[in-house]
Amino acid sequence: MEFKITDQPINEQEVIDLVRSPHCGGLSVFVGTVRNQTKGKKVISLEFEAYEAMAMNKMREIAEQAQKRWKTDKIAIYHRVGKLSVEETAVVIAVSTPHRKESFQACEYLIDTLKQVVPIWKKEIYEDGEIWVAAHP
């Protein structure tokens with residue numbers, strides 16, 4: 001399992017390569033990017049902050065849960081912090097399993113659970129202001 005919180009751009013291919021396995025026919029990837037609007041408001045950028053030590057522990061915890069539930073082979077979770085522009089990558093989750101269905105399910109579980117329990121906060125920056133938003137709307 002590999003986890004990283006970084007203020008540098010995330011290389012999606014690097015994260016994918018971390019979970020490749022000769023034992024696995026399923027490799028699923030979720031790439032979360034900054035979109036240019038939310039709820040009808042134009043978004044200029046996002047800013048992420050994390051309680052890094054706790055976030056790393058929580059990422060490991062949810063990955064261990066996924067590993068037990070779906071018998072995953074490898075899991076990698078990279079999350080960006082700092083100010084990101086539209087279309088930049090904020091998070092990449094990659095999972096490999098012997099079969100595709102388990103990799104899809106584990107990947108969905110990991111991003112949904114990450115947004116609920118990992119202490120990473122998001123601020124949306126608009127043309128006319130900014131606001132900290134809930135991780136799971």
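What you see is a predicted model, and the numbers here were worked out from it, not measured in a lab.
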Does OH in Y51 sit with more than 12 non-hydrogen atoms of other residues, nucleotides or ligands closer than 6.0 Å?
no

Are there over 12 heavy-atom neighbours, none belonging to E108, within less than 6.0 Å of that residue's CD?
no

Plane angle bin for Y109 and W70 - parallel if under 30°, tilted between 30 and 60°, otherwise perpendicular:
tilted

With hydrophobic residues grouped by side-chain heavy-atom distances under 4.5 Å, do L114 and V117 end up in a single group?
yes

Can you find a heavy atom in the side chain of T38 that is under 4.5 Å from one in the side chain of E124?
yes

Under the 3.5 angstrom rule, does the side chain of S103 hit a backbone N or O of T97 as a donor-acceptor pair?
no

If you take all heavy atoms of M59 and I77, which pair is closest and at what distance?
SD-CG2, 3.3 Å

Student check: side-chain heavy atoms of V19 and D73 closer than 4.5 Å
no

Taking C-beta and beyond as the side chain, do V91 and I111 meet within less than 4.5 Å on heavy atoms?
yes

Do E127 and I44 have side chains that get closer than 4.5 Å, going by heavy atoms?
yes

Do L46 and K123 have side chains that approach each other closer than 4.5 Å (heavy atoms only, starting at C-beta)?
no

Determine whether Q13 and D17 satisfy the following criterion, side-chain hydrogen bond (donor to acceptor under 3.5 Å, both in side chains), listing intermediate values before the conclusion.
CA-CA 6 Å; Q13 189 61 53; D17 290 344; 2.8 Å; yes

Would you confirm whether R80, through its side chain, and I5, through its main-chain N or O, come within 3.5 Å as a donor-acceptor pair?
no

Using side-chain heavy atoms (C-beta onward) and a distance below 4.5 Å, is R20 in contact with L27?
yes

